[in-house]
J.: 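Handing you a structure now.
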Amino acid sequence: MASLRVHPDRLEIHLTKAEKTLSLRRDDLVVQRENIRSVTITDDPWIWIRGIKAPGLELPLVLAVGTWKFHGGKDFLAIKRKRQAVVIDLVEEDFARVILTTNHAPDLIASLKL
């Protein structure tokens with residue numbers, strides 16, 4: 001599961017080696033805090049998926065990791081099973097949305113002060 005680190009100016013999403021391999025990414029994700037429009041907690045992250053994977057891996061209701069492209073942009077997903085997740089809507093970033101399963105969703109929102 002990806003680990004999240006909140007800094008005064010950015011949010012760092014550190015992916016595991018397996019997540020990097022499955023998503024064909026070399027680097028972690030770094031999002032500027034000023035580009036975070038909203039953060040939503042969801043108990044069913046699977047309903048938030050839009051578009052087609054390119055590149056990525058999906059085993060429905062088990063695992064979705066990688067980039068999903070849709071008409072108008074792309075999203076990054078790191079979803080495992082049907083666990084609580086955060087949906088981070090972004091502006092002026094490489095991704096329009098980042099969806100991550102995490103055990104610390106309320107703590108993330110509190111530390112971002114959204």
J.: Taking the side chain as everything from C-beta on, heavy atoms only, tell me whether T102 gets closer than 4.5 Å to L108.
T.: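 No, every pair of side-chain atoms sits at 4.5 Å or beyond.
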J.: In plain terms, say whether D89 and R97 are close enough for a salt bridge, that is, a side-chain N and a carboxylate O under 4.0 Å apart.
T.: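 Yes, this pair counts.
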J.: With a 4.5 Å cut-off on side-chain heavy-atom distances among I, L, V, M, F, W and Y, is there a chain of contacts connecting V98 to I109?
T.: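 Yes, same cluster.
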J.: Flag the pair R83 and D43 as a salt bridge only when some basic side-chain nitrogen lies within less than 4.0 angstrom of an acidic carboxylate oxygen.
T.: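 So R83 does not pair with D43 through a salt bridge.
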J.: For residues L90 and L15: do they belong to one hydrophobic cluster (side chain heavy atoms under 4.5 Å, members Ile, Leu, Val, Met, Phe, Trp, Tyr)?
T.: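 Linked, L90 and L15 end up in one cluster.
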J.: Would K17 and E19 pass as an ion pair if we require N to O under 4.0 Å?
T.: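 Salt bridge between K17 and E19, a charged N being under 4.0 Å from a carboxylate O: no.
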J.: More than 12 foreign heavy atoms under 6.0 Å from NZ of K80: is that the case here?
T.: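 Buried by this count: over 12 neighbours within 6.0 Å.
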J.: Hey, any chance V6 and I41 share a hydrophobic cluster, counting ILVMFWY side chains that come within less than 4.5 Å of each other, even indirectly?
T.: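 Per the 4.5 Å side-chain linkage, V6 and I41 are co-clustered.
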J.: Within the side chain of E93, is there an N or O that forms a donor-acceptor pair under 3.5 Å with the backbone of Q32?
T.: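 Yes, the answer is positive, given that a donor and an acceptor are paired below the 3.5 Å cut-off.
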J.: Can you confirm whether E58 sits close enough to I79 that some side-chain heavy atom of one is under 4.5 Å from a side-chain heavy atom of the other?
T.: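 Contact flag for E58/I79 side chains = no.
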J.: Taking F76 as the starting point, is it possible to reach I36 by hopping between hydrophobic residues whose side chains are less than 4.5 Å apart?
T.: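 They do share one cluster, since a chain of ILVMFWY contacts under 4.5 Å joins I36 to F76.
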J.: If you count heavy atoms of other groups shown closer than 6.0 angstrom to CZ of R81, is the number above 12?
T.: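 Not more than 12 within 6.0 Å, no.
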J.: Could you name each residue pair satisfying ring-ring contact (aromatic ring centres under 6.0 Å, His included) that touches residues 23-69, not counting sequence neighbours?
T.: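 Pairs touching residues 23-69 that pass the test: none.
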J.: For the residue pair V30 and E12, what are the closest heavy atoms and their distance?
T.: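 The answer is CG2-CG, 4.3 Å.
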J.: Please check: side-chain N/O of R33 versus main-chain N/O of H7, any donor-acceptor pairing under 3.5 Å?
T.: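 Side chain of R33 to backbone of H7: a pair is present.
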